[in-house]
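By convention in this document, chain letters (A, B, ...) are assigned in the order of the sequence lines, proteins followed by strands, and residues within each chain are numbered from 1.
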Amino acid sequence: MAEKFGEAVKNINEYFSKTFGELFEGGEAEIKMLDSHNLLETGIDISAKLPGKKVNSLNLLSGGEKALVTGALIFAIFLQNPTPVCIFDEVDSPMDEANLVRFFRMIRKFSKDIQFIIITHNKKSMEFANTLYGITMAKKGISKVISIEFEDNK
Amino acid sequence: MAEKFGEAVKNINEYFSKTFGELFEGGEAEIKMLDSHNLLETGIDISAKLPGKKVNSLNLLSGGEKALVTGALIFAIFLQNPTPVCIFDEVDSPMDEANLVRFFRMIRKFSKDIQFIIITHNKKSMEFANTLYGITMAKKGISKVISIEFEDNK
Amino acid sequence: MRLKNIILKGFKSFSNKTSFDFTDGLNIIIGPNGSGKSNVVDAIRWVIGEKSIKTLRGHSMEDVIFKGAENVNPANFAEVTLLFSNKARKLNIDSDEIEIKRVLVKDKSGKFYINGKTVRMKEIQKLLGNIGFTSNGYSIIQQGEIEKFINYSSGEKRILFEEAA
Amino acid sequence: MRLKNIILKGFKSFSNKTSFDFTDGLNIIIGPNGSGKSNVVDAIRWVIGEKSIKTLRGHSMEDVIFKGAENVNPANFAEVTLLFSNKARKLNIDSDEIEIKRVLVKDKSGKFYINGKTVRMKEIQKLLGNIGFTSNGYSIIQQGEIEKFINYSSGEKRILFEEAA
Ligand SMILES: Nc1ncnc2c1ncn2[C@@H]1O[C@H](COP(=O)(O)OP(=O)(O)OP(=O)(O)O)[C@@H](O)[C@H]1O
Ligand SMILES: Nc1ncnc2c1ncn2[C@@H]1O[C@H](COP(=O)(O)OP(=O)(O)OP(=O)(O)O)[C@@H](O)[C@H]1O
Ligand SMILES: [Mg+2]
Ligand SMILES: [Mg+2]
């Protein structure tokens with residue numbers, strides 16, 4: 001049980017190295033146990049070094065960088081233990097276009113096996129949709145849905 | 001002293017009605033003292049009803065609506081007691097284009113008397129600038145500034 | 001296994017019965033501020049067993065019932081139904097399709113249903129928890145929350161990894 | 001009264017001495033993720049007297065000193081200078097221009113200056129507090145904080161209005 005945990009953390013760490021490296025086009029990231037001899041209680045620490053930068057603590061990162069690191073972490077966890085459905089509500093809003101495109105390209109790869117439901121305001125993000133839903137409030141205070149399906153993004 | 005406080009709250013409430021009405025093109029909003037007989041200790045409550053909607057509590061509002069209400073509140077406070085400099089870091093990121101334009105039109109009016117320093121990712125917001133600054137990291141890890149001045153937005 | 005359809009009735013801003021089908025792959029929802037996009041996410045989290053009204057942006061559980069609009073009366077109840085496709089039997093019920101439903105009637109306690117049969121919230125949480133689809137895990141990231149894992153303490157990060165293990 | 005210029009030297013990602021002039025009206029800063037935009041806001045808040053390193057995204061005060069980059073050594077100190085125009089004497093010093101500066105040298109305690117004269121942090125906070133320009137008031141909204149006033153308790157809202165009165 002505790003060993004299963006230790007095993008999972010090691011695997012996710014390796015996946016994280018890959019997802020992080022792909023989203024940031026380089027850099028190094030690591031997930032480690034603070035006390036690997038105490039699998040039952042050890043805390044977990046996450047560190048990341050962006051390409052060309054020397055800062056290791058996550059807290060000093062920018063808003064867009066933190067969103068992308070979180071994306072890398074979630075995708076690493078999916079590689080270890082995917083959920084069938086993943087819902088993101090405006091996670092791309094702090095991202096610039098370059099980061100957003102890399103993030104959605106990774107989503108697209110995972111979307112062969114995982115169903116994504118994503119809310120966005122960003123025109124670039126919308127281009128990645130298999131199916132697009134518009135929610136409107138033509139009648140004030142009352143929501144209404146219309147859906148627009150594309151088949152060409154599959 | 002306490003009377004000055006009560007006076008200020010009443011004034012800001014009236015200003016808030018105007019700024020809110022302008023940003024939401026209607027609706028009603030109110031700032032009131034929970035216990036107007038105890039000016040020294042009373043808490044303050046803020047409620048808002050968007051046009052056509054019947055919801056009064058701020059917490060149920062959407063991300064973009066909350067950002068706009070906060071904007072209305074800050075501008076109402078400025079009408080009572082302006083600060084010379086106002087700094088906004090990506091406050092427009094949850095706003096859709098229609099709300100963003102109303103928000104920046106209000107900023108433009110206030111910018112005759114208040115100096116604004118605003119960080120944004122949004123192309124529409126940039127159109128409102130008197131002066132635009134680009135920050136880049138051509139050399140990884142090292143920030144560099146360039147400035148581009150327009151005179152036509154004044 | 002995927003989510004096929006959601007039906008919202010009287011849930012927050014969805015006063016009228018509203019149904020939408022989700023497809024495989026990447027479903028993207030767009031619309032103006034305040035139109036109801038995050039309310040759809042709230043509906044999904046509510047029906048799969050979210051207990052905390054605070055994370056649904058409310059103060060009391062009845063805040064999810066449609067409160068009315070100009071010339072439109074409030075609703076008397078809120079109801080959300082999710083339809084899952086289960087051909088691969090990833091969910092632990094011998095049925096090709098699984099429908100889960102939650103109903104809250106004003107001044108009454110809420111009810112939960114799996115394929116029409118009344119169940120306790122725990123059963124829905126357990127059914128979906130086994131495939132990692134919980135309202136507070138890593139499969140749903142709410143608006144404004146994308147930085148939350150970064151700010152977790154080392155103990156909170158541990159809990160995240162325990163769920164992933 | 002307005003902010004005329006900021007100089008950053010060794011502050012976070014601004015390793016080289018960087019100066020920029022602000023104009024009246026609407027100054028807008030743009031750039032890619034991680035380029036240093038919010039670091040400029042941090043610099044302003046730091047020099048006007050922010051005490052909490054947590055709100056500057058750091059763990060220890062020395063986190064604001066440039067930590068180095070590929071093939072670039074860390075800086076030994078961080079220094080930020082703000083130049084205000086004060087012709088209308090809104091700031092309580094008889095001078096057309098007022099320069100405030102904060103310096104933090106590694107392993108030493110920080111120093112503050114007004115027009116070149118060493119002062120205590122309190123004096124800068126008081127000078128600028130009188131015109132409402134504080135690092136934690138309503139004149140600076142940090143990234144991700146635009147909803148904060150909405151979530152304030154009624155007591156916290158009171159404090160906000162006391163500052164506005
Ligand atoms: N019980 C309720 N009855 C009626 N309307 C409600 C109820 N609860 C919330 N609302 C309304 O729903 C709206 C918020 O919807 P939602 O958060 O889904 O918007 P959104 O589309 O996500 O917008 P944004 O793009 O700004 O995030 C608010 O205007 C709120 O007043
Ligand atoms: N002491 C330091 N030395 C060197 N670099 C630092 C230091 N502190 C922070 N940084 C770097 O500054 C960058 C963050 O800068 P900042 O938050 O200003 O970005 P930003 O332009 O606001 O980006 P975003 O658009 O994503 O919000 C991070 O990459 C971080 O590693
Ligand atoms: Mg939303
Ligand atoms: Mg930033």
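Side-chain N/O atoms of C:S139 and A:T83 include no donor and acceptor closer than 3.5 Å. Between the side chains of C:S38 and A:D89, at least one donor-acceptor pair of N or O atoms lies under 3.5 Å.
Taking the side chain as every heavy atom from C-beta outward, C:K37 and A:E90 approach each other to under 4.5 Å. Annotation: side chain of C:F161 is in contact with side chain of A:I31 (closest heavy-atom distance under 4.5 Å). Looking only at side-chain heavy atoms (C-beta outward), C:S154 and A:D45 stay at 4.5 Å or farther from each other. Taking 4.5 Å as the limit, some side-chain heavy atom of A:Q115 sits within range of a side-chain heavy atom of C:L3. Put simply, the side chain of A:K140 does not reach to within 4.5 Å of the side chain of C:V72, judged on heavy atoms.
Ranked by heavy-atom pairs under 4.5 Å with chain A, the list C:L8, C:I29, C:N39 is led by C:I29. Contact count against chain C (heavy-atom pairs under 4.5 Å) is highest for A:I44 among A:I117, A:I44, A:N11. Interface check for chain C: of the options A:I114, A:L58, A:V85, the most heavy-atom pairs under 4.5 Å are formed by A:V85. Considering only heavy-atom pairs separated by less than 4.5 Å from chain C, the leading option among A:A48, A:P94, A:G141 is A:G141. Of the listed residues C:K157, C:K12, C:Q143, the one with more heavy-atom pairs under 4.5 angstrom with chain A than any other is C:Q143. Per-residue heavy-atom pair counts under 4.5 Å with chain C were compared for A:I46, A:D113, A:V9, and the maximum is reached by A:I46. Per-residue heavy-atom pair counts under 4.5 Å with chain C were compared for A:G134, A:G6, A:S93, A:S143, and the maximum is reached by A:S143.
More than 12 heavy atoms of other residues, nucleotides or ligands sit less than 6.0 Å from atom NZ of C:K148. A 6.0 Å sphere centred on CZ of C:R120 holds no more than 12 heavy atoms belonging to other residues, nucleotides or ligands.
Atoms CG and OG1, on A:N130 and C:T23 in that order, are 5.5 Å from each other to the nearest 0.5 Å. Annotation: the span from A:K139 atom NZ to C:N16 atom CG amounts to 6.5 Å, rounded to 0.5 Å. How far CZ of A:F88 is from CD1 of C:I146: 6.5 Å, rounded to the nearest 0.5 Å. Of the inter-residue distances, the one linking C:I28 atom CD1 with A:S147 atom OG reads 13.5 Å to the nearest 0.5 angstrom.
By a heavy-atom distance cut of under 4.5 Å, A:G63, A:K66, A:A67, A:V69, A:T70, A:L73, A:I74 are the residues of residues 61-75 of chain A near chain C, going up by number.
Looking at C:R158, its side chain does come within 3.5 Å of a backbone N or O of A:L40 through a donor-acceptor pair.
With a 4.5 angstrom heavy-atom cutoff, C:E162 touches chain A via backbone and side-chain atoms both. Contacts between C:F66 and chain A at a heavy-atom distance below 4.5 Å involve the side chain alone, from C-beta outward. Heavy-atom distances place no part of C:E145 under 4.5 Å from chain A, backbone and side chain included. Only the backbone of C:D21 comes within less than 4.5 Å of a heavy atom of chain A; no side-chain atom from C-beta onward does. In this structure, no portion of A:E7 lies under 4.5 Å from any heavy atom of chain C. Proximity to chain A is limited to the side chain of C:L160, based on heavy atoms less than 4.5 angstrom apart. Proximity to chain A (any heavy atom under 4.5 Å) is restricted, for C:F149, to the side chain, taken from C-beta onward.
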### Task
Could you walk me through whether C:S35 and A:T136 pass side-chain hydrogen bond (donor to acceptor under 3.5 Å, both in side chains), step by step?
CA-CA 5 Å; C:S35 56; A:T136 61; over 6 Å; no
### Message
One pair to check against side chain to side chain contact (heavy atoms under 4.5 Å, CB included): C:F14 and A:V145. What are the steps and the verdict?
### Response
CA-CA 10 Å; C:F14 288 87; A:V145 174; 4.0 Å; yes
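Nearest heavy-atom pair, A:A8 versus C:A165, reported as atom, atom and distance to 0.1 Å: CB-CB, 3.5 Å. Between A:P84 and C:M1, the shortest heavy-atom distance links the atoms CB-O, 3.3 Å. Scanning all heavy atoms of the two residues, the minimum distance from C:A164 to A:I77 falls at CB-CG2, 3.4 Å. The heavy-atom pair separating A:M137 from C:S13 by the smallest distance is CE-CB, 3.6 Å. The two residues A:I142 and C:S15 make their nearest non-hydrogen contact at CG2-OG, 3.2 Å.
When ring centroids are compared, A:Y133 and C:F20 come within the 6.0 Å threshold.
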In residues 105-119 of chain C, what donor-acceptor pairs under 3.5 Å come from side-chain atoms, sequence neighbours left out?
| from | atom 1 | to | atom 2 | distance (Å) |
| --- | --- | --- | --- | --- |
| C:K106 | NZ | C:A75 | O | 3.4 |
| C:N115 | OD1 | C:E99 | N | 2.7 |

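Between A:I87 and the options C:N27, C:I44, C:I141, a side chain to side chain contact (heavy atoms under 4.5 Å, CB included) holds for only C:I44. Between C:I30 and the options A:I135, A:T120, A:N122, A:I118, a side chain to side chain contact (heavy atoms under 4.5 Å, CB included) holds for only A:T120.
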